[in-house]
There are 2 protein chains.
Amino acid sequence: MFRNLFTKPASLPVEPSAALSPVRARILPRVVVIGSGFGGMQVAHKLAGHNVEVRLLDRSNYHGFWPLLYQVATAGLEPESIAYPIRAIIREHTNVTFQLGEVERIDFDERRVYTNDWSVDYDYLVIAAGSANNFFGNKNLETHTHGLKDLREAVQLRNRALSAFELAARESDPKKREAFLTFVIIGGGPTGVELAGAFSELIRHVLRKDYPMLDVSQARIVLVEAHESVLGSFSPSLQKSATHQLERMGVELKLNSMVADVDEHGVTLKDGNYIACQTVIWAAGVRGAKLAEKVGLPLARGARVPVEKTLTLPGRPEVFVIGDVSYLEDKHGQPYPQVAQVAIQQGKRAAQNVLAQIHRHPMKPFHYLNKGSMATIGRRSAVLEIGEIRLSGFWAWVTWLVVHITFLIGFRNRLIVLTNWAYYYFTYDRGQRIITDFND
Amino acid sequence: MFRNLFTKPASLPVEPSAALSPVRARILPRVVVIGSGFGGMQVAHKLAGHNVEVRLLDRSNYHGFWPLLYQVATAGLEPESIAYPIRAIIREHTNVTFQLGEVERIDFDERRVYTNDWSVDYDYLVIAAGSANNFFGNKNLETHTHGLKDLREAVQLRNRALSAFELAARESDPKKREAFLTFVIIGGGPTGVELAGAFSELIRHVLRKDYPMLDVSQARIVLVEAHESVLGSFSPSLQKSATHQLERMGVELKLNSMVADVDEHGVTLKDGNYIACQTVIWAAGVRGAKLAEKVGLPLARGARVPVEKTLTLPGRPEVFVIGDVSYLEDKHGQPYPQVAQVAIQQGKRAAQNVLAQIHRHPMKPFHYLNKGSMATIGRRSAVLEIGEIRLSGFWAWVTWLVVHITFLIGFRNRLIVLTNWAYYYFTYDRGQRIITDFND
């Protein structure tokens, strides 16, 4: 079951931790975890203190709290306030180490993970690589829309939206000015709804004062949704409430509406209408991380990796795939949604199943407990659904705030986020509206 | 004296503000200010409310508070906390507008400033374009060292320094590991001293806990200074105190020492010694902004533009050059230093001289009142000199904190900076240690 280090080919790069702590690496089974999102971090937490060596790998040195990413994109939070250094999180766990790098290849027979610079072998592997934008192979979508999957994309979107206002301010052609001030968001799920609300507030409360020469009431936020309502995963009464709240904030809803094509000047809808606009945001498709494809795993719908109920790869019980990059159907034949709750609960189950294998106990199947879902729309405005409880408006918004502050990792980040929120609540101002790259 | 708009060549791009507010643009004399640093902002403030139209131009949409830039580079503050949107600053001044763009050319006869996208004509021009790194034409210095002049350079330096620790953590060759953990700072002025102190604290208080596998006492911070002491502009007793404080923090001082060359693996000193290192910081030379060269102005030492005592260009009383990019000698024949205080006071004088010309009063010469200088070294440790008052240690540090919070623009930025400082003071932790680009 355990690696025999003496059979390692001599030409392989030295494993740094092995070089630095040769004793521990030879005694304990090693669990390599790829990805430090909600799923991967949960595996590390649950294995902490057990008789295993956990090696957490990520291409970034921080854990990103993506539920607040839309606030970075809309100049409400600084990137550093929702990113927390992984080494600071795992500091207290003596059996967990971190290594920065992008996985390029996995040799599943040899049980070894390779980056371009180094490699590490494993007894157990947990792939928790997350998700990527799904443009369904459409090059125009990929080129002309902004995704919102990581800090870089959030800052790019912020740059783009703020630059659009600068361009509008110096534009004398009213048609062109209108296009600069039009923001099209494709996809009416939680991300699309939260972005629409936050852009509306940014424009109506903040940018309106920044650009007195512009008639900001000309600015349009258009939310395009293929189905008959936004927030399709919520109950109908909350969908209606969200629709109402968005309309009150001036968001134009295009329901039952699909995008046919995008070019650098605007969006063509399937009904033939063309919306001239500078900024198009893609929030309508998510797929499994490209890592799965790169390392040659079989893929199901949405480039997700099909797994057994134990979250292991068929025929490879030592390899787990969890979270957004994994594909597993519930008892109704529906795939589990690509949300943080699923990743966290799968991380817990994967950790328990690793320990079960080590202790030669039977593994258990994954069961999902839906703890509810929520989406914020704007100031004092959100929707929330926990089992039979449905809330919208002020109290849903307060609950949203408390839950997000609670789950945010790191006392400093909580302090900074709370300070920003309090400042924004009382002043209606957002100070992070700086353009770091006008060409984004 | 005033522009005659009807003589404008028809082929010129439309001036946006003129297009949007045609009346005001034709009535008042227009003052164009290039640069929104301490000097340019001061001009705008002093001309606010007067019968002039002020057009502030900058290639960024924010005013950067550069005295705290070294804290961004050392993971103590987020970039957004020291940058403040220019439009938010000038919002209250109805006669001041802002325009984003990089000046490419100035036609001094036609009195018109050009970017690649638009142009604007002026009755009075204030060039306050700031400074740039001065590598004295040495390509190796420019390629292999990090400057610290703007947010991008600060974030690049943060990425570089944090990446060096990641590289060290996976390196088994002790020689290479030592080089990764060696930071050479060239230049013992305030920037070099503040960086040395901040890096020392970052490493000894924060990174030490992040990398338990590394012997962080191996990490070296080497401060190279050509003269016999650091902080040459301070009095000898404070130089001695700063030296003592730096040594107590483990900073290696190489005094009377100059850099002969830099390559990608390290620094060669003039005495022949070679320091192998991953990170080299250039804090030993500043020159006038490249704009002056680009628009064809005559240059004095340090690529600075010589001006009359009235801060105007010789022979062109309608053009002012102030701050870091201007060259003016005091009564001892010494050029005024490139510091914020000079820029602010010159901005005030330039604004007054613009108004003097408009009212046909004589212009007044610039007089500098040295309000003192200070530099922080670390926790509870700074030096301060105001006239005959010299302070070092705790009370100098408290004064430094109060002055910097006071001069920082924007209530939100003050809140965020104070929150970060308080958090750091009590926890010895810095949460902004995220690597946004490993290749920087």
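What you see is a predicted model, and the numbers here were worked out from it, not measured in a lab. Proteins get letters first, then strands, A, B, ... in listed order; numbering begins at 1 in each.
The line from CZ of B/F98 to CD of A/E166 is 5.5 Å long, rounded to the nearest 0.5 Å. To the nearest 0.5 angstrom, B/D437 atom CG is 12.5 Å from A/L151 atom CG. In this structure, B/S60 OG and A/I434 CD1 are separated by 8.5 Å, a value rounded to the nearest 0.5 Å. Between B/E78 atom CD and A/E80 atom CD the span is 5.5 Å, to the nearest 0.5 Å.
Contacts between B/F438 and chain A at a heavy-atom distance below 4.5 Å involve the side chain alone, from C-beta outward. If you measure heavy-atom distances from B/V155 to chain A, you find no contacts under 4.5 Å at all.
For the set A/T436, A/D210, A/L415, the entry with the most heavy-atom pairs within less than 4.5 Å of chain B is A/D210. For chain A, the option among B/R433, B/K209, B/R87 with the highest count of heavy-atom pairs below 4.5 Å is B/R87. Options A/R430, A/Q432, A/R152 differ in how many heavy-atom pairs under 4.5 Å they form with chain B, and the most are formed by A/Q432.
Within 6.0 Å of atom CZ in B/R59, 12 or fewer heavy atoms from other residues, nucleotides or ligands are found, so the atom counts as exposed in its surroundings. Dense packing is recorded around NZ of A/K149, with more than 12 heavy atoms of other residues, nucleotides or ligands lying under 6.0 Å away.
With B/R412 as the fixed residue, the side-chain hydrogen bond (donor to acceptor under 3.5 Å, both in side chains) test singles out one of A/T419, A/D429, A/T427, A/N420: A/N420.
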